[in-house]
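Below is one structure; the comments refer to it alone.
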Amino acid sequence: MALADDLIREIDGRREDLIALTQDLLRIPTLNPPGENYRDICDYLQKRLSRSGFDIELIRAHGTPGDSDKYPRWNIVARRDGDRPGECVHFNSHIDVVDVGHGWTKDPFGGELVDGKIYGRGACDMKGGLSASIVAAEAFLAVCPDFAGAIEISGTADEESGGYGGVAYLAGKGYFSPDRVQHVIIPEPLNKDRICLGHRGVWWAELETFGEIAHGSMPFLGDCAVRHMGAVIDEMEQSLFPALAQKRTEMPVVPEGAKQSTLNINSIHGGQSEGDADFTGLPSPCVPDSCRMVIDRRFLLEENIDDVQAEVLEVLKTVEGRRNKFRYDLRELHRVLPTMTEKDAPVVRTVAKAIAETMGREAEYVVSPGTYDQKHIDRIGKLKNCIAYGPGILDLAHKPDEYVGVDDMLDSAKVMGRSLIELLARPCESSLNKGGSHAFA
Ligand SMILES: [Zn+2]
């Protein structure tokens, strides 16, 4: 198809622009927490996208977790309408990046280009994906200015801390309602030939066991909360962990180890708090009267969240039957239900076809072990036609010397551009066939 050939040429011709755009985005350190420089990156994107004919809205998520005058949660939504009605394709990228951490040999905010790779915090997760979607949209507009429907590009805050000041806020305001947006692509780093259909569920809870404080030389006069917690962990080892390992999902979760239910013990604190690093004294002898443990349970589409909770309560009941004075409190901290878009959903079929045409091989379907902003688009926006697709290697996310490959960005931009042709240019051709007035070469 001539239009696709023009698009591929356009995208190849924009290689230097794609590199410069990615570097510019990496040089704005949007660390979250605390949520720095959101306004700066939104201003940069506003300049870029208004030059390309997009209408811009900058939206601050007032009152969401972490939002303050010092660290305001700014988001950008850019929209370009075609010249006649049609469907809207929305590319959503988060603009925040996680802490740098240790072990870098490159400047984390330098955007250095070495051997076809651009280095920096957020290079693959996911400023490279954002850049690819912008270049894809701009190249599409150059070859198909008279399209139907609309293209939207959003840059949203706080994905790394739950997305409440970003996609969740926008979804609550109707930005992802099915009457406004019909197709959503989230360019997270899932590799350029994979379509991510969704993610597993999350249940976080804090368990506290209680004891009785007493002098450490006479522990029999008190009751040790840490020993109670030890009994809980022991029972988990005996019954819960083996049971979770037996649960397999039909979801195509990657990596393979995440195709089962998992539980991580996120943290455990008992007794006296640890002293400051510069404190050189000894602790005092006390029997701990409290022990707290945070658990992070990831569950499958085939599981029900009530059962997930019931399994933990069952462990506690068993321990209660064995131990005197066993008292506990279980508090839910966070829950996200699993989500998975159907393989025959329009956006999935479109992107799969574009991957086959661009890469010359079939798309692979995957599900993410952890969650991302699709949860809010599904639950709050009520929009099911959503996937994650973007350049970059998932394993590099959050690591030192994170990078994104320039060729990978170009390839995935081609897939995104072809998808735009499929979804927004086709009606234009068919209206021409029906005798429409648009000249379309
Ligand atoms: Zn991400």
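Order of listing sets the numbers, starting from 1, for every ligand and every atom in it.
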Interatomic distance, CG@Asn32 vs CG@Asp158, rounded to 0.5 Å, equals 4.5 Å
Kindly confirm whether the Zn ion (ligand 1) is within less than 2.8 Å of some N/O/S atom in Glu160? no
Do Tyr169 and Tyr175 have ring centroids that are under 6.0 Å from one another? no
To the Zn ion (ligand 1), the closest N, O or S atom belonging to Asp125 is OD1
So, Tyr164 versus His376, ring centres under 6.0 angstrom or not?
yes
Taking Ser52's backbone N and O only, do any of them form a donor-acceptor pair with Arg80's side chain (distance below 3.5 Å, no angle check)? yes
**Item:** N, O or S of Glu188 under 2.8 Å from the Zn ion (ligand 1)
**Value:** yes
